[in-house]
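Order of the sequence lines fixes the chain letters, A, B, ..., with proteins taken first and strands second; residue numbering starts at 1 for each chain.
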Protein chains: 2
Amino acid sequence: MKKNKTKEGEIFLQLLKNRGLSFTRQRKIIFEHIIKNHDHFEVKHIIEALQKRKLRVSRATVYRTLAHLEDCRLIRKMDLGHGHSHFEHILGYKHHEHLCCEKCGKIVEFGDSILEKRIKKILELNLFNKTNHNVRILGICKNCQK
Amino acid sequence: MKKNKTKEGEIFLQLLKNRGLSFTRQRKIIFEHIIKNHDHFEVKHIIEALQKRKLRVSRATVYRTLAHLEDCRLIRKMDLGHGHSHFEHILGYKHHEHLCCEKCGKIVEFGDSILEKRIKKILELNLFNKTNHNVRILGICKNCQK
DNA sequence: TTATAAATGAGACTGAGTCTCAATATCATA
DNA sequence: TATGATATTGAGACTCAGTCTCATTTATAA
Ligand SMILES: [Zn+2]
Ligand SMILES: [Zn+2]
Ligand SMILES: [Zn+2]
Ligand SMILES: [Zn+2]
């Protein structure tokens, strides 16, 4: 199996190695597919895209591989209120939060240092881990306001 | 059907009336059960509690009645990251947000005017409705930090 | 009382995600 | 390269929250 030369590839291979796991055909397919696209993505779309390209990988394997990619912090799983998980890349991307429209599902990313500072304070006051958080704001977007 | 004299009762009856709906035995059972308890609650627990008290109401009716109670803003539905909905009373309770532990599910309520102010600003900047939002912060609580 | 419309409950259904387990692939070592 | 121990996979069964359907029951108002 040819090694992947990207930083992401090195990290993934390292995780697999550390755990005594192998870089299988399926893991390579899923990894390479995910690395290409830097948007928020969902499992269903990955499965459909791979099927279209005749790359057969089972649903179970997709879920299992995503969990590994999460473990090595290449991606993070998010709940944006759509009733299923979304994922996004972490490596090389700035920390940000999500604003989601409760009606149409629109997702807006934003980074706001004032908010982040206050969130850290709130986490601290409540004895939560300050450096590990995930904020989701639900609201109603302009289009959905009547 | 005897009328309920609480403020909540009046609001619920008014909503039903406005919609040409009736205050049935089942709606009364569910309403009275929910009004009693001011914590966060989930559908499963309501159904179990009613079963224990031999008050037979179907799952579908519980969901349908909760939707009505939501419509008249007596309760709100929330996603606290447990994989199913939680509800809480609104009427007579101050606006607050939720901090949830991603590992153990612990829920902490907090009100923070600095945060709220900034959230409003963010909603405004992104053309979202300022007065209608719902913030959830996921993190790791003290007990779950190793 | 009766007609009309609303409400209910049982259970089928959906969709995301997990689990099981027999068959297959990987890898270190001989 | 062959071997055996171990990890991996895929098919489909399963779970769980929530929704939907529809035949039957109940409420309401004339
Ligand atoms: Zn919208
Ligand atoms: Zn994002
Ligand atoms: Zn915890
Ligand atoms: Zn609350």
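The interatomic distance linking B:Arg56 (CZ) with C:dG11 (C1') rounds to 16 Å, in whole Å. As rounded to whole Å, 18 Å separates atom C1' of D:dA17 from atom NE2 of A:His82. In this structure, A:His68 atom NE2 and D:dA7 atom P are separated by 12 Å, rounded to whole Å. Distance CD1 (A:Ile29) to P (D:dG10): 9 Å, rounded to an integer number of Å. Rounded to whole Å, atom C1' of D:dG10 lies 15 Å from atom CG of A:Leu50. What separates CG of A:Asn18 from P of D:dA7 is a distance of 15 Å, to the nearest Å. In this structure, A:Phe23 places its CZ atom 24 Å from P of D:dT6, rounding to the nearest Å. Going from atom CG of A:Leu16 over to atom P of C:dT26 covers 13 Å, rounded to whole Å.
Pairing each heavy atom of A:Arg76 with each of A:Glu70, the nearest pair is CA-CG, 4.3 Å.
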Just the atom pairs and distances: protein N or O near nucleotides 14-16 of chain C's N or O, under 3.5 Å.
none

Interface polar pairs with nucleotides 20-26 of chain D, N/O, under 3.5 angstrom:
none

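Listed by chain and number, the residues in a ring pair (Phe, Tyr, Trp, His ring centres under 6.0 Å) with B:His89 are B:His38 (sequence neighbours excluded). Looking at residues two or more places apart in sequence or on another chain, you find a salt bridge (charged side-chain N to carboxylate O under 4.0 Å, His left out) between A:Arg19 and A:Asp71.
When distances are taken from the side chain of A:Ser22 to each of C:dT8, D:dG10, C:dT26, the shortest belongs to C:dT26.
Phosphate proximity of D:dG10 to A:Ser58: present, with a side-chain N or O under 4.0 Å from OP1 or OP2. Close to D:dT9, at under 4.0 Å from its OP1 or OP2, lies a side-chain N or O of A:Arg27. Taking only side-chain nitrogens and oxygens, A:Thr61 comes nearer than 4.0 Å to OP1 or OP2 of D:dG10. Within the 4.0 Å cut-off from OP1 or OP2 of D:dG10, at least one side-chain nitrogen or oxygen of A:Gln26 is found.
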Using distance only, find each side-chain donor-acceptor pair of residues 96-108 of chain A under 3.5 Å and give its atom names and separation, not counting sequence neighbours.
unit_1	atom_1	unit_2	atom_2	d
A:His96	ND1	A:Lys94	O	3.1
A:His96	NE2	A:Glu88	OE1	3.1
A:His96	NE2	A:Glu88	OE2	3.2
A:His96	NE2	A:His98	NE2	3.2
A:His96	NE2	A:Glu109	OE2	2.9
A:Glu97	OE1	A:Val135	N	2.9
A:Glu97	OE2	A:His95	NE2	2.7
A:Glu97	OE2	A:His133	NE2	3.4
A:His98	NE2	A:His40	NE2	3.1
A:His98	NE2	A:Glu88	OE1	3.3

Validation: residues 137-145 of chain A side-chain donor-acceptor distances under 3.5 Å, sequence neighbours left out:
unit_1	atom_1	unit_2	atom_2	d
A:Gln145	NE2	A:Ile140	O	3.1
A:Gln145	NE2	A:Cys141	O	3.4

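Remark: B:Lys121 does not engage A:Asp112 in a salt bridge, criterion side-chain N to carboxylate O under 4.0 Å. Between A:Glu32 and A:Lys36 no salt bridge is recorded (no basic side-chain N to carboxylate O distance below 4.0 Å).
Cluster membership check: B:Leu91 shares its hydrophobic cluster with B:Phe87, using side-chain heavy-atom separations under 4.5 Å among Ile, Leu, Val, Met, Phe, Trp and Tyr.
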